[in-house]
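Inspection log for the structure reproduced underneath, given as structure tokens.
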Amino acid sequence: MHAPLYLAPPSTPRIREQIAAGRLGAILNPASGNRVPDEGLFGVDNAVYGGNYPNNKRYLAWLERFVPHADRCLFVTAPDVVGDALATEARSRPMLARIRELGLPVALVAQDWMELSTWDPWDEIDALFIGGSDAWKLSDAAENLARVARSMAKHVHVGRVNSELRMRRVAWADSVDGTYLQWAGPDRALPTVLGWRRALLADPLLDVEERDLDPFDGGYNLRSRWRPEPTPAPTVEQFTLFDLGEPCEA
């Protein structure tokens, strides 16, 4: 049986205790102000989604604090563009090697329409972070990419997981994170979050379609001014889908 490890901001002593015990992991970003926990696993996000990415130079300087703890680091995300795989490729590729040069495992943030890309990123990354719109994150395309990554021994993480249902829907991931603890109160909501993983381990085959839970977590309207709508599918001119080569004779 498998259940993803939930990564939470290490904002209270109770949460840090659970991280040290291995029941949670930590998630850190340039805007959070939280330090690396003394024990336990952690991942590092770039804060692009919240609009708080500093810039490449400042991000690399900030990442240096994690180098002494690299053996506990699950991933460090390269900068991305929300909902746009093509723009994410252009923004991320120059940073992948630079993050790796620090001795940290680098993650590409997968965005909408990545399944159409002909770029083969696997030798350049150590982890795949499933981002993008809610619809794409829960699609077969995202799951297929994640399974390819895991087959190549890449760590797979999924962002914006704020319910037991969503954790069940992405049970193929190695780790997940979300903002549920911030919304509901870190210590008050901690038993709920810990219960999601216990429930999944206890009954991995539960039919989630029959559960009275919100599959889209309620708080992520991509049409809001804070979170732009995902981009439309790229054209063939943007993503070269097929190499037609020489015509075949009948």
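Note that the structure is a prediction, hence the values are computed from the model and not measured.
With hydrogens and angles ignored, the 3.5 Å screen pairs no side-chain donor or acceptor of Arg23 with any backbone N or O of Gln18. Distance alone, capped at 3.5 Å, places no donor-acceptor pair between the Asp174 side chain and the His155 backbone. One N or O on the side chain of Arg168 and one on the backbone of Ala199 form a donor-acceptor pair closer than 3.5 Å. Lys137 contributes a side-chain N or O that, together with a main-chain N or O of Ile130, makes up a donor-acceptor pair within less than 3.5 Å. Side chain of Arg16 to backbone of Asp38: no donor-acceptor contact under 3.5 angstrom is found.
Ring orientation note: the planes of Tyr6 and Trp196 are nearly perpendicular, at an angle over 60° on the 30°/60° scale. Between Trp62 and Tyr59, the two ring planes are parallel [angle under 30°; tilted spans 30° to 60°].
One finds a salt bridge joining Arg166 and Asp134 here, because a Lys/Arg side-chain nitrogen approaches an Asp/Glu carboxylate oxygen to under 4.0 Å.
Other residues, nucleotides and ligands contribute at most 12 non-hydrogen atoms within 6.0 Å of the CG atom of Asp123. Within a 6.0 Å sphere centred on CG of Asn55, heavy atoms belonging to other residues, nucleotides or ligands number more than 12.
Between Ser133 atom OG and Gln111 atom CD the span is 8.5 Å, to the nearest 0.5 Å. Between Arg14 atom CZ and Thr12 atom OG1 the span is 7.0 Å, to the nearest 0.5 Å. Here Asp45 contributes atom CG and Thr77 contributes atom OG1; the two are 4.0 Å apart, rounded to the nearest 0.5 Å. In this structure, CG on Asn162 lies 9.0 Å from CG on Leu181, to the nearest 0.5 angstrom. Distance CZ/Arg188 to CG/Leu190: 12.0 Å, rounded to 0.5 Å. Atom NE2 of His69 sits about 9.0 Å away from atom CG of Asp71, to the nearest 0.5 Å.
Counting only heavy atoms from C-beta outward, the side chains of Leu145 and Val148 never approach each other to under 4.5 Å. Looking at heavy atoms from C-beta onward, Met114 lies out of side-chain contact with Trp119 at the 4.5 angstrom threshold.
When each of Val176, Val158, Val156, Val161 is paired with Pro4, the side chain to side chain contact (heavy atoms under 4.5 Å, CB included) condition holds for Val176 and for no other. Screening Leu41, Leu7, Leu24 against Ile19 for a side chain to side chain contact (heavy atoms under 4.5 Å, CB included) leaves a single residue, Leu24.
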